[in-house]
Trainee: 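So that we are looking at the same thing, I have put the structure below in structure tokens.
Protein chains get the first letters and strands the later ones, always in sequence-line order, with residue 1 at the start of each. Side chains included, hydrogens not; waters and symmetry mates left out as well; all remaining heavy atoms used. Since the structure is predicted, the reported quantities are computational estimates derived from the model, not experimental observations.
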Amino acid sequence: MDERYDPKKIEPFWQAEWERAKLYLTGQDRSRPKFYLLEMFPYPSGNGLSVGHLHNYVPPDVVGRFKRMTGFNVLHPMGWDAFGLPAENEALLKGLHPKQTVPQYAANFKRQLKLSGCAYDWTREINSSEPGYYRWTQWFFLLLHKRGLAYRAVGSQWWCEECRTILANEQVVNGCCWRHTETPVTKKDLEQWYFRITAYADRLLEDLDLVDWPEPIKLMQRNWIGRSEGAEIAFPVADHPGKEVRFFTTRPDTVFGVSFMVLAPEHPLVAEITSDAQRAAVEEYVAQARRQSEIERLSTVKEKTGVFTGAYAYNPFTRKNIPIWIADYVLMGYGTGAIMAAPGEDQRDFEFATKYGLEIPRVTAPLDGSRPDPGCAFTEHGITVNSGFLDRLKTADAIKAVLRWIEEHRIGRPTVSYRMRDWLISRQRYWGAPIPMVYCKRTCGIVPVPEDQLPVVLPDMRDYQPSGTGRSPLANVPEFVNTTCPKCGGPAERETDTLDGFACSSWYFLRFASPHYDRAPFERAAVDYWLPVDLYVGGAEHAVMHLLYARMWTKVMFDAGLINFKEPFLVLRNQGMVWAADGQKMSKSRGNVVTPDSMIEKYGADALRLWELFMGPFEEPTNWNEDGVTGTVRYLTRVWTMVRRYVEAGCPAGSPNAETLRRAHKAIRTVTDHIERQRFNTALAALMDQLNYAARLDPAAIGRFAIE
RNA sequence: GCCGAGGUGGCGAAACGGCAGACGCAGUGGACUCAAAAUCCACCGAGCGCAAGCUCAUGCGGGUUCAAGUCCCGCCCUCGGCACCA
């Protein structure tokens, strides 16, 4: 044995030894308990992994090793989220092709993870951009289509001018594209494919109770889904027989206080009811609202604007005609795109009414008998007043009474509204799984590609730049586009949009159970054994993207009888973000990136790994600071020295005294407990404490027991 | 604006309502060395004291309790999320 602790000698030797002994292959003995450990699979970037990324991989790796050593069959795989905007944008920026960059970058990630001593079963490596994988992503599209959960619709949708593609709502962050955080998104009208995630809104909400996730993440999902109970009611439009304004409200008890109505500028009724006198002003306002980017809309959030349409609606409760306005504070995408305005009880309506001199009736009085503040709306529940048959009822009872009334008079019904919209999955981009649909030119219309004809292979294209016209670059490949209808054999064209990259990551956790299976996306028996994931680790930034989508797909598969569980990730933990030493994001352009390679060169992989654990609490954000690595190097050196003394003493069997035994047991208990609760920093502290004690003892006094 | 997380030594941080600061980093003194590095030993929140010890300390102000970093009420600050959702 060497004199000194020298990681440069030890680590390559043992890493080669692990590989030779196939030590980290997934256990196959199904009589053992299983543990499926998964980190969110990364998109392979040319920048390689930083020590910040490693904070996502090393602590879970410790859990995996711990579980393996305590008798579990561990599935701990790794793969590449290779399709989608991040990979394609990076390749475009470098003037390269993702078909070359992705495998190259993935190989580098793999090299770094191995260098860092992470114990993955690399025989299960997957890459979502390979036909053997995306074949099944397409298969899932067909499954959703078959189940009525994929549909095509025209709509005004978010468009990123940088990415030159439509984005889903979840992928718009602060009014900007999630990949280009400085580029405001704009609206574009296109016919697009959607997944009906809203059909799962209630189950996505309820089943959050089944999982052990960080509360803030659950809350973000609840808010994103945004369930509201209320009523949908229709008021007739005066002088337009048969026309009515349908609206959603959560406060039907305030109907007697409705003094005007507001439509979203995009509302289809606007063109039909606008009076000649108001037409010019209305059209000008609609055009201006359309031009506005999301950012501009947000920046003017305080000041309400709108225009009178010249039309009136009839309020059957007050039996008065009330003016219909348009305003961009009413959103076409929520409810019905129209509201009843109760300015006495809604602050937004109050501000609007104040600005445009509209009537502000008061129909809810505070419970304590005081008068509402005349300077703002009274938005709390209270006692209904000035409201005919609702007078003197408490808000909750008034709501019930109105619901009965509107159902009796057939002008409305109780209903539930959600903020979440359907998931728009068409991308006008090259680097994704082609949507497996065909448009028959003659008779059959939209036809799904038969399952046995999958994959619809992504054609090779040298020039894969997004066009910006709203059509995917695939539209420029006639051999791809022109095909025959699978139904009638007549001439047909393929769908040229590709699937959102988040489709790939909505089922990858299943693929790892049987990554090479080629008769279905997964082998049922393997999935029944391994799934759901027991510990899932990744960043909180995916709270309402990947995590929501993957939950939805899981429920679809459950409904289709493909799997027997409802939630894919039983336990979720978010590692804290590691910022650079300067408190900023680690990035090449800022020159503040620290790579695992350089750290390992200086201190060794084990010292780096321990420091990743010891830096601070796993789930807390932190700034990178490598001063403390000295401590973990020292710790490893002391362990080395102690073991060497023990070996030099001839490995005595030893006879530990009661105190030594007590301490050893306590340390084992603490370390076990803390690893299981992801308290890696304190688990290591307990080990250091134990070393401080044991290092003072005579080797003969402790024996193998305390050393181990 | 709304929702959430957090605020403890010079620094990273610990702490079932029970001796605040475990474990480390940095620092100070010592041993070893011609010397340095490494290693080992001791000290290491602030103030007073030769010392035993005393006093003050967990963002601020109140409260509950034999006992509060921890529980309750009201503020301040930092970070994260949502952002006119009717």
Side-chain angles (χ1 to χ4, degrees), chain A residues 3-5 169-170 172-175 214-228 230-233 247-252 254 258 261-264 294-295 297-306 327-343 345-352 377 379 417-421 539-541 543-544 574 576-577 579 583 610-611 613-617 619-635 637-638 640-641 667 670 674 679 681-692 695-696:
Chain A
E3 279 282 303
R4 286 180 36 238
Y5 171 68
N169 286 305
E170 289 81 1
V172 175
V173 179
N174 290 326
E215 270 316 309
I217 299 286
K218 288 190 180 184
L219 202 64
M220 280 162 75
Q221 291 214 348
R222 288 193 185 103
N223 292 341
W224 186 263
I225 295 166
R227 184 180 198 275
S228 295
E232 200 173 294
I233 308 176
F247 57 87
F248 174 75
T249 177
T250 55
R251 289 291 302 275
T254 62
V258 174
M261 306 200 77
V262 187
L263 305 180
E294 183 70 355
I295 284 279
R297 245 179 106 149
L298 291 175
S299 68
T300 57
V301 70
K302 292 293 163 214
E303 185 69 7
K304 302 246 175 322
T305 60
D328 63 7
Y329 82 90
V330 176
L331 308 173
M332 193 58 222
Y334 184 76
T336 64
I339 61 158
M340 64 171 216
E345 287 72 37
D346 183 286
Q347 186 58 25
R348 294 154 303 187
D349 298 342
F350 180 89
E351 286 166 22
F352 194 80
T379 57
S417 199
Y418 302 90
R419 303 168 78 126
M420 182 172 66
R421 317 286 152 79
E541 68 274 15
V544 293
N574 301 124
M577 180 83 187
W579 303 97
L610 290 185
W611 180 235
L613 303 178
F614 196 60
M615 268 189 318
E619 301 191 80
E620 296 296 320
T622 179
N623 290 357
W624 177 257
N625 166 357
E626 68 182 67
D627 295 345
V629 186
T630 317
T632 61
V633 173
R634 240 172 240 165
Y635 169 71
T637 308
R638 297 182 67 204
W640 180 269
T641 308
T670 306
H674 287 210
R679 310 276 298 267
N681 56 332
T682 48
L684 182 53
L687 283 173
M688 289 175 166
D689 217 8
Q690 176 64 4
L691 177 75
N692 288 345
R696 293 158 183 270

Trainee: Roughly how far apart, to the nearest Å, are B:C66 and B:C11 at atom P?
Mentor: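 About 36 Å, rounded to a whole number of Å.
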Trainee: Pairs counted only when both distances fall under 3.5 Å, Watson-Crick or G-U: show me the 5' to 3' dot-bracket for RNA chain B, [ ] for pseudoknotted crossings and | for other-strand partners.
Mentor: (((((((..(((.....[....))).(((((.......))))).((((....))))..(((((..]....))))))))))))....
Trainee: Work out how far the P atom of B:C44 is from that of B:G24, and round it to whole angstrom.
Mentor: 15 Å
Trainee: Which nucleotide sits closest to the side chain of A:P216: B:C25, B:A86, B:G4?
Mentor: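 The nucleotide sitting nearest to the side chain is B:G4.
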Trainee: On RNA chain B, compare the nucleotides closest to A:H674 and A:G333; which residue's is nearer the 5' end?
Mentor: A:H674
Trainee: Check whether any side-chain heavy atom of A:W224 sits under 4.5 Å from a side-chain heavy atom of A:N169, and report yes or no.
Mentor: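 A side-chain contact exists here, since the closest heavy-atom pair is under 4.5 Å.
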Trainee: Please give the distance between the P atoms of B:G59 and B:A15 as a whole number of Å.
Mentor: 16 Å
Trainee: Among B:C82, B:G24, B:C84, which nucleotide has an atom closest to any side-chain atom of A:W224?
Mentor: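 Nucleotide nearest to A:W224's side chain: B:C82.
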Trainee: For atom C1', what is the distance between B:A57 and B:G4, given to the nearest Å?
Mentor: 30 Å
Trainee: Please name all residues satisfying side-chain hydrogen bond (donor to acceptor under 3.5 Å, both in side chains) with A:N692, sequence neighbours left out, ordered by chain then number.
Mentor: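 Result, side-chain hydrogen bond (donor to acceptor under 3.5 Å, both in side chains) vs A:N692: A:R638.
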Trainee: Going by the glycosidic torsion and a 90 degree boundary from 0, is the base of B:G53 oriented syn or anti?
Mentor: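 Here B:G53 takes the anti form, which means its glycosidic angle is more than 90° from 0.
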Trainee: Find the distance A:E619:CD to B:G6:C1' and express it as a whole number of Å.
Mentor: 14 Å
Trainee: Taking only N/O atoms, report every protein-nucleotides 11-14 of chain B pair under 3.5 Å with atom names and distance.
Mentor:
from: B:G12; atom 1: O2'; to: A:M615; atom 2: O; distance (Å): 2.2
from: B:A14; atom 1: OP1; to: A:N681; atom 2: ND2; distance (Å): 3.1

Trainee: Quick test: give all pairs of protein nitrogen or oxygen and nucleotides 40-42 of chain B nitrogen or oxygen below 3.5 Å, distance rounded to 0.1 Å.
Mentor:
from: B:C40; atom 1: OP1; to: A:R638; atom 2: NE; distance (Å): 3.1

Trainee: Run the side-chain hydrogen bond (donor to acceptor under 3.5 Å, both in side chains) test against A:T305 and tell me which residues pass, sequence neighbours left out.
Mentor: A:Y285
Trainee: Looking at the side chain of A:N692, which of B:C23, B:C25, B:C3 is the nearest nucleotide?
Mentor: B:C23
Trainee: What's the gap between B:C2 and B:C75 when it is taken at their P atoms, as a whole Å value?
Mentor: 11 Å
Trainee: Mind checking the C1' distance from B:A36 to B:A20? Whole angstroms is fine.
Mentor: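 Pairwise C1' distance, B:A36 against B:A20, rounds to 39 Å.
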Trainee: List for me each residue that meets side-chain hydrogen bond (donor to acceptor under 3.5 Å, both in side chains) alongside A:E232, sequence neighbours excluded, and say none if there are none.
Mentor: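 Partners of A:E232 by the side-chain hydrogen bond (donor to acceptor under 3.5 Å, both in side chains) criterion, ordered by chain and then number, come out as A:R246.
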Trainee: Taking the nucleotide of RNA chain B with the closest heavy atom to each, which residue, A:D627 or A:D346, is nearer the 5' end?
Mentor: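 Looking at RNA chain B, the more 5' nearest nucleotide goes with A:D627.
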Trainee: Write down the atom of A:E345, the atom of A:T379, and the distance for their closest heavy-atom approach.
Mentor: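 Answer, listing the atom of A:E345 first, then A:T379: O-CG2, 3.4 Å.
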Trainee: Checking contacts here: which listed nucleotide (B:C25, B:G4, B:A22) is nearest the side-chain heavy atoms of A:L219?
Mentor: B:G4
Trainee: Looking at the side chain of A:T630, which of B:C82, B:A86, B:C25 is the nearest nucleotide?
Mentor: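 Nucleotide nearest to A:T630's side chain: B:C25.
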Trainee: Is the shortest heavy-atom distance from the side chain of A:V544 to the side chain of A:M420 under 4.5 Å?
Mentor: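 A:V544 does not reach A:M420 side chain to side chain.
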Trainee: Sequence neighbours left out, cut at 3.5 Å: what donor-acceptor pairs do the side chains of residues 621-631 of chain A make with other protein atoms?
Mentor:
from: A:N625; atom 1: OD1; to: A:D627; atom 2: N; distance (Å): 2.8
from: A:E626; atom 1: OE2; to: A:K602; atom 2: NZ; distance (Å): 3.2
from: A:E626; atom 1: OE2; to: A:Y603; atom 2: OH; distance (Å): 3.2
from: A:T630; atom 1: OG1; to: A:D627; atom 2: O; distance (Å): 2.9

Trainee: With sequence neighbours left out, write down each residue that passes salt bridge (Lys or Arg N to Asp or Glu O under 4.0 Å) with A:D349, or none if nothing qualifies.
Mentor: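 None.
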Trainee: Say you pick atom P in B:C41 and the same atom in B:C23; how far apart are they, in whole Å?
Mentor: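 Their P atoms lie roughly 13 Å apart.
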Trainee: Between B:G27 and B:G18, how far apart are the two P atoms, rounded to whole Å?
Mentor: 35 Å
Trainee: Suppose we screen for ring pair (Phe, Tyr, Trp, His ring centres under 6.0 Å). Which residues come up paired with A:F614, at least two apart in sequence or across chains?
Mentor: none
Trainee: Please identify each residue that fulfils salt bridge (Lys or Arg N to Asp or Glu O under 4.0 Å) with A:R227, with sequence neighbours left out.
Mentor: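 Here the qualifying residues are A:D202, A:E229.
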Trainee: Please enumerate all residues that pass side-chain hydrogen bond (donor to acceptor under 3.5 Å, both in side chains) together with A:T682, with sequence neighbours excluded.
Mentor: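 A:T682 satisfies side-chain hydrogen bond (donor to acceptor under 3.5 Å, both in side chains) with A:H674 once adjacent residues are dropped.
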Trainee: With sequence neighbours left out, what residues match A:F350 under ring pair (Phe, Tyr, Trp, His ring centres under 6.0 Å)?
Mentor: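 A:F350: no ring pair (Phe, Tyr, Trp, His ring centres under 6.0 Å) contacts found.
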Trainee: Indicate whether OP1 or OP2 belonging to B:A86 is found under 4.0 Å from a side-chain N or O atom of A:S228.
Mentor: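 Looking at the OP1 and OP2 atoms of B:A86, one of them is under 4.0 Å from a side-chain N or O of A:S228.
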